[in-house]
Amino acid sequence: MAEENNNISWRVFNMFLVLVVVILTTIIAYVYERVDGQRYRASLRGDLTQQASILRATMEGKLAQSAEIVKTVAALIDADPAVIDGRLSMIIDELLGDDSILRDIAIAPDLVVRHVYPLQSNESVIGLDYSKNREQFVAVSRALAIGGTVVAGPVKLVQGGEGFIIRAPVLSDEPDKQWWGIVSGVINTSTFYKLAGLANHSPQFDIALRGKDGTGANGAVFYGSDAVFRNDPVLTDIIFPNGSWQMAIAPKGGWPAHPPNFNHTRLIFILGALLTIFFVLTASRLAQKREQAENLLASAVDAVDAGLALFDENDYLVACNSTFQSYYGDKINLTNPRRRFIDILKDIVDSKMIPEAIGREEEWIAERIRYHRQATSSMERLLGDGRWIRIEERRTPDGGTATVTADITDLKKAKDQAEQANRAKTEFLNTVTHELRTPLTVILGFTPLLANSRELPSARKLQEVLEQDSPDTQAIRRCADDLIGEISRYASSMDKAGRHLLCLINDILDLSKAESGLMAINPSACQLDQVMQEIVEQFQPTAQDKGLTLNFESSGATVLADTIRLNQIMVNLVGNALKFTDRGEIRITAKDDGSFVKVCVQDTGCGIPNDAITNIFSVFTQADNSDTRRATGTGLGLAISRKLVEMHGGRIWAESEPGKGSTFCFTMPKPGHT
C-alpha cells in the first residue's frame, strides 16, 4: 500500500513537472514568436520604406526635370515672344534630347494652342481652346492664378492616350493684359510609370498613388487600388512644384503575422519541450538523481537571455533566473525569505530604482499591480541606471503569473539614433534647398535683364543721346561706359551666383562619392609650407575685409597626401574659421606627431557649444541648423573633410570654448608611412 501511494505521488509529481515545462516552453515560445514577428514586420516595413524612398526620388527627379524644361520654354517666350517664329523649335529639340520623358510641348497664346513640338502625331492638338476644355481648364486656370508651374493629371489627351500635363504661365507685356498665354508639357502615364519603376515592381507588394492634379493625400487614387491605403501602408509624399502626390506601399495580401520560418521555429520549440520533458521524467524516476535534475532545470532557465520569473496563485515568487535578478541589483531581495509580489514592489519603490515612481509611490504600486493581475500585459520601464526593460506577463492555468523581462536599451538607443539621423537629414535638405535657391534666384533674376538689354536705363539714355541732331561724343562715351558698367555688374552677380551654385553641387557630389566609396586619392610627397602659403594668399583679401589677421607658422614638414584633396580640406577649415570669426586672428600650425604631421587651424571666433561639437563632422549636421544661423552653407564641408582625412589614414577633431574660439586639427601621414 505504501509503495502504491508512493507511486501515485510520483505520478502526480511527474505530471506537475511536465506542466511546468509546458508552461515555460509555451511562454518562451509565445514571447519569442511575438518578438520575432514584430522584428520581421519591422524589417519588412523598413524594406518597403527604402523601396518607397527610391521610387519617390525617381518620380520627383523625372517631374523636376520635365518641369524645368517647360519653365525654360516659358521663360524664353516671356523674354522674347518672337522666339516662337524663330529658333524655338531647335531649342525645344535640344531641351528634350534623348533622356526626357516629355512627349510633346504645346504653346497656347491666349489659351489657344498654336504651336506643338513635335507636330507629328500631335496635329489634333492645334487649335485646342483650353477655356472650352473643361477637364484641362481647371489646371490651366490654377497655373495662371498662382503664377507658377503646376502638374495636372492624369487626364485624357486630345491626341489620344492618357498623360500628365505640366503647365507654366507666360506673362504679357501688354498693360491691359496680365497673361500672354501658357506652355504645356505632356508626359505619357505609361512611360512615366515604367521609368519610375512602378510598372515592374515586385509582385510581393502593392503600390497605389493618390492626389490627382497634385492634390496630395486628399486627392483621388489614380494608380493602383484604393484598398492599399487601408492596409496600414508605408506612406510617402512625392513633392513637385505647387502640388504633391501620396504613394502607399503594402505587402500583397496584408502584413504577415509571422515570418516565413514560423513553422520551423515552432517545431524547434516543440522538440525542445519534448526533450526537456524526457530528461525531467527520467530524472524524476531516479530518486538519487533528483538534485541533478533540479539543477539541470535551473541551468536551462538561466541560459535564457531574458529575465524569467514565476509567481504562484498567491503572488509568491516561485522561481526566477539570474538575468531577472540582475535587473533589480543587490538592493532588492527576491528569494530570501520567500517574497510576495507586492513586497518586491515596495522594495523597488523604497530603493528609488524606477524614476517614474518617485513622488507617486502608492499610485505607481497600484498601477503595477493592476497590470500584474491582467491575463496578459506588456509594459516598458526605465531603470535608474539608464537601462530600459520590457516586461511581459501571462497568467498560467493554475492561477499563477509568468513574467519575462528583456533589456531593450540598445533597441531604444537605435530608435533614438534613427530619429536623430532623420531629423538631421530633413534639416540638411531644407538648408540645401535654401542655398540652391539663392544663386538660382540671382541668375534667373538678371538673365531677363541681359536678354533684353535695350530696356536698361543706361541703354535708353545712350539711345536718346544718339538720336539727338548733334550728339556729343563725350556724352556718348559716358553713356556707353554706364551701359557697359551696368551689364558688367549684372554679369558679375550672375558669375558669383553660378560659382556659388557650382560649389554647392561639388560638395554634394564629393560627399556622394566618398559615401559610396567611388572617390579616389593620389597621394604623393608634398610640402606643407607651399600648400599653406597658397591658402593664406587665397583667403587674405577676405581676412583683410573683416579686419582679421591670417597667418601660418612655417614648419618645413612634408606629408604624403593628395595635394588637391589636402587643399580642399584646408579651404573648408580656413573658410569656416573666417565665417565665424569677427575679430582677432586665424593661425595655421603644423607640428610633428610621430609618423604623422598634425595640422591645426585656430581662430578667435564665436566657438561651438559643447552639445554640438561631437556631431559637427557627421553628415547632414551643422552646429547651428536654425533659420537664423549666422553663416550660409550646406554643412557638408566638415563631413567631406573627415572622409578625406580618413582616406589618407589620418583623423580629424575639434576643440572649442564658446565665446573664445575653436581649434580644428587633423593628421596627415609622412612619406614612408604604411
Side-chain angles (χ1 to χ4, degrees), residues 13-43 256-284 292-313 315-328 334-335 339 341 344 368 371-381 383 387-412:
F13 180 70
N14 289 340
M15 291 176 62
F16 173 78
L17 289 179
V18 171
L19 180 62
V20 170
V21 173
V22 171
I23 292 173
L24 288 176
T25 305
T26 302
I27 294 172
I28 296 172
Y30 177 83
V31 173
Y32 178 85
E33 290 176 2
R34 181 185 179 92
V35 172
D36 196 41
Q38 292 174 347
R39 178 201 59 77
Y40 176 73
R41 289 189 293 274
S43 175
H258 304 287
N261 62 346
F262 170 69
N263 291 328
H264 295 86
T265 303
R266 280 199 168 179
L267 179 61
I268 291 173
F269 275 108
I270 292 173
L271 292 175
L274 293 175
L275 290 174
T276 303
I277 291 172
F278 170 78
F279 285 114
V280 168
L281 292 178
T282 301
S284 68
Q292 179 182 355
E294 292 175 353
N295 291 337
L296 179 63
L297 179 60
S299 298
V301 173
D302 273 338
V304 180
D305 290 336
L308 299 180
L310 184 63
F311 294 86
D312 63 16
E313 66 276 10
D315 257 355
Y316 280 97
L317 180 62
V318 176
C320 65
N321 62 2
S322 58
T323 304
F324 183 85
Q325 296 181 43
S326 68
Y327 291 124
Y328 300 98
L334 297 175
T335 58
R339 309 297 305 283
F341 182 73
I344 296 175
R368 183 66 182 87
Y371 276 108
H372 180 71
R373 290 177 178 172
Q374 294 177 1
T376 61
S377 64
S378 177
M379 67 206 76
E380 295 180 358
R381 291 287 183 265
L383 301 181
R387 290 182 298 167
W388 280 90
I389 59 174
R390 178 183 286 123
I391 303 172
E392 303 275 354
E393 292 186 323
R394 298 292 182 272
R395 281 285 184 182
T396 60
D398 61 349
T401 303
T403 301
V404 180
T405 307
D407 189 331
I408 59 170
T409 305
D410 292 340
L411 183 62
K412 282 282 188 180

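Heads up: numbering here begins at 1 and tracks the sequence.
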Exercise. Rounded to the nearest 0.5 Å, what's the gap from CZ on Phe341 to OG1 on Thr401? Could you check?
Key: 8.0 Å
Quiz item: Could you give the distance from CZ (Arg381) to CD1 (Ile389), rounded to the nearest 0.5 Å?
Solution: 8.5 Å
Practice problem: Kindly give the heavy-atom pair with the smallest separation between Phe311 and Val318, and that separation in Å. | Solution: C-CG2, 4.0 Å
Exercise. Heavy atoms only: give me the nearest Arg373-Arg395 pair and the separation to one decimal.
Key: CA-NH2, 3.4 Å
Quiz item: Where is the tightest heavy-atom contact between Asp407 and Trp388, given as atom of each residue plus distance?
Solution: OD1-O, 3.3 Å
Quiz item: Considering the options Glu393, Glu392, Arg394, which one meets the side-chain hydrogen bond (donor to acceptor under 3.5 Å, both in side chains) requirement together with Thr403?
Solution: Glu393
Quiz item: Yes or no on side-chain contact (heavy atoms from CB on, under 4.5 Å) for Leu308 and Ile28, after CA distance, side-chain angles and deciding distance?
Solution: CA-CA 9 Å; Leu308 299 180; Ile28 296 172; 4.1 Å; yes
Practice problem: Report yes or no: does Ser43 contribute a side-chain atom to a donor-acceptor pair with the main-chain N or O of Arg39 at less than 3.5 Å? | Solution: no
Quiz item: Which value, rounded to the nearest 0.5 Å, describes the distance between Thr26 atom OG1 and Ile270 atom CD1?
Solution: 9.5 Å
Exercise. Determine whether His372 and Ser377 make a side-chain contact, defined as any pair of heavy atoms from C-beta on separated by less than 4.5 Å.
Key: no
Quiz item: Looking at Thr396 and Leu310, what are the two nearest heavy atoms and their distance?
Solution: CG2-CD1, 4.1 Å
Quiz item: Nearest heavy-atom pair of Ile27 and Ala402: which atoms, and what distance?
Solution: CD1-CB, 2.7 Å
